[in-house]
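A quick write-up on the structure given underneath.
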Amino acid sequence: MAKRRVRIGLIGYKFMGKAHSNAYRQAPRFFDMEWEPELAVICGRDERALKAAADKFGWQECETDWRRVIERQDIDLIDVSTPGDLHAPIAIAAANAGKTVWCEKPLANSLEEARSMRQAVEKAGVFHAVFHNYRYCPAVALAFNMIQDGLLGKIYHFRAVYLQDWIADPSFPLVWRLDKHSAGSGAHGDINSHIIDLGRYLVGEIAEVSGHLETFVKQRPKLAATDDRLGGTASTEMGEVTVDDAAMFLAKFENGALGTFEATRFALGRKNHNRFEINGSRGSIVFNLERMNELEFYSNDDAEAHRGFRTIQVTDGVHPFTGSWWPAGHIIGYEHTFTHLVVSGFERMAKGENPTPDFEDGLRNQRVLDAVTRSSASRKWECV
Ligand code: SOE
């Protein structure tokens with residue numbers, strides 16, 4: 001197989017920078033890939049921390065100015081793993097320079113930005129992707145296949161929650177994710193965007209929403225030192241929280257299905273509880289990220305006496321992506337979802353196709369986020 005090396009410039013080196021670096025490194029080690037990622041340049045502002053990350057994750061070079069990475073002729077793909085306020089400027093500059101652009105989620109901080117980003121990649125004719133990695137849990141991909149095969153029949157309900165608790169303590173400091181300018185929104189954009197993407201992927205487009213956004217803790221200690229999402233030193237000075245702590249909405253899908261979506265960072269005990277249930281005319285499925293190697297399935301086609309939820313262990317060679325890892329029953333984890341996204345994206349690009357999900361999905365997800373925000377303000381149902 002003729003291999004092509006795709007030289008990557010990764011902007012950002014913290015949580016997502018680490019997840020993406022791992023995915024680029026592992027993908028060709030476990031999957032046969034026609035196009036292979038090459039970890040060329042990693043970029044961030046703090047030179048010392050950046051160098052440590054580069055050494056640890058295996059990047060060839062470091063750069064402290066993202067503009068210089070984009071200017072380089074030897075870089076093919078720009079990966080945007082920064083806080084949200086930098087997604088649009090970096091992605092648009094990268095597209096204008098003719099680079100492939102892969103961007104963290106949510107695509108943008110606003111609908112307007114998302115539209116400009118979609119336009120930029122379209123105009124430049126470059127490949128684009130957005131990192132909604134949960135589509136790439138084997139159990140979620142299996143759920144997609146089962147729905148396509150008609151095993152659930154006509155879909156009536158999509159019921160999704162994404163629950164975390166990392167800011168439930170009111171003394172937790174004002175990190176960038178609690179600042180509207182940097183993050184665009186709170187739990188809404190950060191984690192509702194994931195379950196919106198899953199709803200659209202599995203069930204279809206959303207037509208109308210009725211939602212509510214809430215900020216429980218309106219002031220928090222400002223950060224004294226670091227701006228790490230996982231903490232940092234709190235100062236004695238207080239500052240405004242400018243994003244939502246929790247976001248929930250009802251949805252009507254274009255195909256008639258109903259959806260409920262709840263995202264919060266105030267569900268004590270829930271660390272990364274991304275769960276959905278889908279009910280159709282022939283059966284139901286349940287997925288829970290905390291048991292991500294499993295998919296629950298109830299089939300009304302079973303003999304009446306045996307009906308009940310069964311648990312499919314999605315680790316077999318016949319399941320999406322799993323055959324390239326370990327023998328059946330040898331489970332995989334969170335980081336593998338990013339690897340699968342990379343493998344699939346590179347496979348598609350090698351065939352001349354755009355990865356999926358892409359900026360069009362990012363824009364559609366953003367339209368839903370925006371409609372929910374409008375609905376929370378208007379107290380009415382809003383069209384997407
Ligand atoms: C933080 O809430 C976060 O890391 C999100 O930003 C990720 O997208 C999600 O997968 C896990 O939680």
Side-chain angles (χ1 to χ4, degrees), residues 11-23 79-87 102-109 129-140 160-169 172-180 182-201 213 215-217 220 226-232 241 243-248 261-276 287-292 332-342 357 361-362 365-366 368-369:
I11 323 290
Y13 61 93
K14 291 200 175 169
F15 183 14
M16 284 306 114
K18 183 176 176 180
H20 296 191
S21 299
N22 176 66
D79 177 323
V80 190
S81 288
T82 60
D85 56 327
L86 282 175
H87 286 192
W102 286 27
C103 186
E104 247 310 309
K105 47 50 57 177
L107 182 62
N109 276 3
V130 60
F131 275 90
H132 278 294
N133 56 306
Y134 296 120
R135 288 190 185 200
Y136 287 93
C137 288
V140 173
V161 296
Y162 200 150
L163 315 175
Q164 299 182 340
D165 70 355
W166 57 278
I167 59 166
D169 178 353
F172 186 89
L174 262 180
V175 294
W176 71 267
R177 282 203 178 281
L178 304 184
D179 169 45
K180 189 171 161 61
S182 308
S185 64
H188 194 37
D190 185 23
I191 50 180
N192 235 357
S193 68
H194 274 308
I195 50 179
I196 290 169
D197 186 67
L198 290 178
R200 290 188 42 258
Y201 172 55
L213 308 185
T215 307
F216 301 119
V217 176
R220 289 179 181 270
T226 120
D227 66 346
D228 198 308
R229 165 244 193 264
L230 300 171
V241 174
V243 300
D244 58 280
D245 289 330
M248 48 213 296
F261 296 73
E262 181 187 4
T264 179
R265 294 161 168 172
F266 274 69
L268 274 182
R270 298 297 187 192
K271 305 300 170 187
N272 202 34
H273 191 84
N274 176 357
R275 182 183 187 278
F276 63 78
F287 170 78
N288 177 0
L289 182 70
E290 290 169 342
R291 303 188 67 93
M292 64 167 279
I332 60 164
Y334 172 70
E335 74 272 23
H336 297 80
T337 61
F338 292 92
T339 309
H340 300 160
L341 188 149
V342 166
D361 291 293
N365 293 341
Q366 203 86 37
V368 179
L369 290 170

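The first residue of the sequence shown is numbered 1, and numbering continues consecutively from there. As the structure lists them, so they are numbered: ligands from 1, and atoms in each ligand from 1.
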Under a 4.0 angstrom heavy-atom cut-off, which atoms of ligand 1 come close to [X]?
X	value
Tyr134	9 (C), 10 (O), 11 (C)
Tyr162	9 (C), 10 (O), 11 (C)
Trp166	2 (O)
His194	7 (C), 8 (O), 9 (C), 10 (O)

Using a 4.0 Å heavy-atom cut-off, say whether Asn272 meets ligand 1 through its side chain, its backbone, both or neither.
side chain
May I ask whether Phe338 places a heavy atom under 4.0 Å from ligand 1?
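It does not, in that no heavy atom of Phe338 comes within the 4.0 Å cut-off of ligand 1.
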Looking only at heavy atoms of Arg177, does any of them come nearer than 4.0 Å to an atom of ligand 1?
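Distance cut 4.0 Å: Arg177 passes for ligand 1.
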Could you say whether the N/O atoms of Glu104 and ligand 1 ever approach to under 3.5 Å?
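Glu104 vs ligand 1: no N/O contact under 3.5 Å.
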Ligand 1 and Lys105, any nitrogen or oxygen pair closer than 3.5 angstrom?
yes
Separation of His194 NE2 from Arg135 CZ (nearest 0.5 Å):
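Spacing of CZ (Arg135) from NE2 (His194) equals 11.5 Å.
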Looking at CG of Asn365 and CG of Leu107, how far apart are the two atoms once the value is rounded to the nearest 0.5 Å?
8.5 Å
Could you check whether Glu290 and Asn272, counting side-chain N and O atoms only, form a donor-acceptor pair closer than 3.5 Å?
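There is no such pair between these side chains.
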Side chains of Tyr334 and Tyr134: any donor to acceptor distance under 3.5 Å?
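Side chains of Tyr134 and Tyr334: no pair found under 3.5 Å.
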Proximity of Tyr162 and His273 rings by center, below 6.0 Å:
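No, the ring centres sit 6.0 Å or more apart.
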Using ring centroids (six-membered ring only for Trp), state whether Phe266 and Phe216 fall under 6.0 Å.
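Yes; Phe266 has its ring centre under 6.0 Å from that of Phe216.
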Do you know which two heavy atoms are closest between Ala139 and Met292, and how far apart they sit?
CB-O, 3.6 Å
